[in-house]
Structure formats: C-alpha cells, structure tokens
Amino acid sequence: ASFIYFREEEPFREKFTNQIACIAQITILLTFYTALSLATGVVIDFGLGDFGIGLFLVMINLLVLILVILLTWFRYKRLQIEQQWRRPLTTQEFMIVQRVMDEEEEREAVLLQDINNDDIELLQKQQTTTVVTPSSSGSSRMKSVEEKDKAVN
C-alpha cells in the first residue's frame with residue numbers, strides 16, 4: 001500500500017526523490033516477504049537455507065544501493081550540463097539584452113497608445129452618430145446614441 005501511495009501521490013517535490021522512495025518501498029516489501037518466508041518455513045520447500053536467503057537479501061539491497069548511486073550520478077551530470085548554460089552575462093552582453101528589452105517596451109507602449117487612440121476615436125464616432133427612430137406619433141425624429149442609451153437605462 002505504501003508503494004502505491006508513493007507512486008501515485010508523489011509526496012516529494014522532486015521526481016528523483018519520489019523514484020528513490022518507490023525503489024525503497026519495493027526493497028522493504030521484498031525484505032519483509034523474505035522474513036515471512038523464513039518464519040513460515042516456505043523457503044525450506046525450495047531448498048534454500050539461511051545463507052541463501054541472507055545472500056539474496058544482501059544482493060537486493062546492494063542492487064538498490066547501486067541503482068540509487070547511478071540515479072544520483074546521472075542527475076548530477078544533468079544538473080551540471082544545465083549549469084553550463086546558466087552563467088553571468090558580461091557587461092557587453094548585458095547591454096545588448098537591455099537594449100533589446102527597452103526596444104520591446106517601446107514597441108508595446110506605441111502599440112498600446114495606438115490601440116487607445118483607435119478606441120477613443122471609435123467611441124467619439126459612436127457618440128456623434130445620429131439614429132433616426134420613429135416617435136410614438138409616427139413621425140421620425142433624430143436621437144443621438146447617448147439619448148438612446150439614456151432611454152434604455
């Protein structure tokens with residue numbers, strides 16, 4: 001049950017730690033199963049003695065230990081490669097990045113200003129357009145959009 005919990009819930013922040021926890025749970029399960037087999041005498045039916053069972057347990061635990069060391073080594077190498085790409089910028093590189101970022105901010109500001117100007121012009125056009133609506137007496141009269149909005153509200 002604990003193996004399923006560690007596999008499904010992944011209680012640790014890093015995936016690597018969750019993998020090691022699952023491997024440890026399997027090792028603990030095998031160790032307890034072997035101890036149960038020894039206690040009930042099932043291993044005698046297979047012709048294994050205490051030495052064979054002890055050797056089996058040592059091999060399983062060494063295998064897990066080697067696996068954890070290998071996983072740790074591969075993770076270390078991966079992080080080392082990632083760190084090569086992360087380095088402080090030189091002054092010249094920083095100036096280039098800063099210039100590009102400033103240009104991008106200026107483009108965004110101009111774009112937002114154009115959008116705001118277009119919206120203002122559109123609103124002004126909508127407010128000044130007139131609509132011909134028939135009155136209750138049947139004759140047509142002119143109403144501005146503002147008056148029409150006031151009448152609806």
Side-chain angles (χ1 to χ4, degrees), residues 1-129 131 144-153:
S2 62
F3 169 73
I4 294 171
Y5 169 76
F6 280 102
R7 187 188 67 199
E8 296 298 322
E9 292 297 321
E10 296 182 342
F12 302 108
R13 185 172 32 141
E14 295 186 26
K15 184 177 181 179
F16 174 74
T17 310
N18 289 314
Q19 291 170 343
I20 291 177
C22 287
I23 293 168
Q25 292 301 314
I26 292 171
T27 305
I28 292 169
L29 178 68
L30 284 173
T31 303
F32 277 109
Y33 177 74
T34 306
L36 179 66
S37 299
L38 277 173
T40 58
V42 173
V43 290
I44 296 172
D45 296 341
F46 291 108
L48 295 174
D50 290 343
F51 180 74
I53 296 296
L55 188 61
F56 173 73
L57 288 175
V58 168
M59 295 296 269
I60 294 249
N61 285 301
L62 281 177
L63 181 67
V64 168
L65 182 63
I66 290 169
L67 184 63
V68 167
I69 290 171
L70 284 174
L71 285 174
T72 305
W73 176 256
F74 289 132
R75 182 170 183 254
Y76 170 75
K77 282 299 194 183
R78 190 191 75 221
L79 291 175
Q80 198 175 31
I81 290 170
E82 287 176 6
Q83 289 295 327
Q84 288 176 351
W85 291 101
R86 296 179 183 173
R87 62 175 177 79
L89 296 176
T90 63
T91 306
Q92 185 179 10
E93 292 169 334
F94 178 76
M95 296 300 289
I96 291 170
V97 170
Q98 189 66 37
R99 193 175 327 126
V100 169
M101 296 298 290
D102 289 343
E103 289 173 3
E104 185 63 27
E105 286 177 3
E106 288 175 14
R107 277 193 216 118
E108 287 178 10
V110 168
L111 181 63
L112 286 174
Q113 185 62 35
D114 288 344
I115 290 171
N116 288 339
N117 288 342
D118 291 344
D119 289 344
I120 291 170
E121 289 175 14
L122 184 62
L123 286 173
Q124 288 174 346
K125 286 180 183 178
Q126 286 178 348
Q127 289 176 353
T128 57
T129 54
V131 178
S144 71
V145 173
E146 288 177 340
E147 291 174 358
K148 185 177 180 182
D149 287 340
K150 287 179 186 175
V152 170
N153 292 333

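Starting from 1, each residue takes its place in the sequence as its number.
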How long is the gap from [atom1] on [X] to [atom2] on [Y], to the nearest 0.5 Å?
X	Y	atom1	atom2	answer
L70	L65	CG	CG	10.0 Å
Q98	E93	CD	CD	14.0 Å
I96	L89	CD1	CG	9.5 Å
L62	L67	CG	CG	12.5 Å
Q83	Y76	CD	OH	10.0 Å
T27	L57	OG1	CG	10.5 Å

**Message:** Could you walk me through whether E103 and R99 satisfy the salt bridge (Lys or Arg N to Asp or Glu O under 4.0 Å) test, starting with their C-alpha distance in whole Å, then the side-chain angles of each, then the deciding distance to 0.1 Å, before giving a yes or no?
**Reply:** CA-CA 6 Å; E103 289 173 3; R99 193 175 327 126; 5.6 Å; no
**Item:** Any side-chain heavy-atom pair of M95 and Q92 under 4.5 Å
**Value:** no
**Prompt:** Hey, does I60 have a side-chain heavy atom less than 4.5 Å from the side chain of T34?
**Reply:** no
**Item:** Taking every non-hydrogen atom, the tightest pair across V68 and T72
**Value:** O-OG1, 2.7 Å
